[in-house]
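These notes concern the structure reproduced below.
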Amino acid sequence: RAFFQRLVIGAEKILRSEADGFAHRREVDAALISGRKTALRDAAQRGLVDVVVAEAEIAELDRELYELHQKYEAPS
């Protein structure tokens, strides 16, 4: 729970910052994906969603996170 709260606080700081550009967008997108993963893990631990379904969704979010980093780190 404390980990999730730190993610939310970090994402809020990023969203409120006056920074612009791709790095800002990447950080926001990565924070949102991480938040979704954390919510799925928590829901699975509480029995609100099936563990197998949560793991599949988390794997998809991991792919999205990987693609996000590849997109922003690929040479232009």
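The basis for the numbers below is simple: all heavy atoms, side chains too, and nothing from hydrogens, waters or symmetry mates. All of these numbers come straight from a predicted model, not from anything done at the bench. Quick note: residue numbers are just sequence positions, from 1.
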(message) Please tell me whether Ile33 and Leu40 are part of a single hydrophobic cluster in this structure, the criterion being side-chain heavy atoms less than 4.5 Å apart.
(response)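 Hydrophobic grouping puts Ile33 with Leu40.
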
Looking at side-chain heavy atoms only, is the closest gap between [X] and [Y] below 4.5 Å?
X: Leu61; Y: Leu65; answer: no
X: Arg26; Y: His69; answer: yes
X: Asp62; Y: Lys37; answer: yes

(request) Kindly compute the distance separating CD1 (Ile58) from CD (Glu64), expressed to the nearest 0.5 Å. (result)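 So the gap between those two atoms works out to 12.5 Å.
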
(request) Would you check, one step at a time, whether the test side-chain contact (heavy atoms from CB on, under 4.5 Å) holds for Glu55 with Arg41? (result) CA-CA 8 Å; Glu55 288 175 353; Arg41 283 189 190 106; over 6 Å; no

(message) The criterion is side chain to side chain contact (heavy atoms under 4.5 Å, CB included); which residues satisfy it with Ala59, sequence neighbours excluded?
(response)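 Scan of Ala59 (side chain to side chain contact (heavy atoms under 4.5 Å, CB included), adjacent residues dropped) gives Arg63.
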
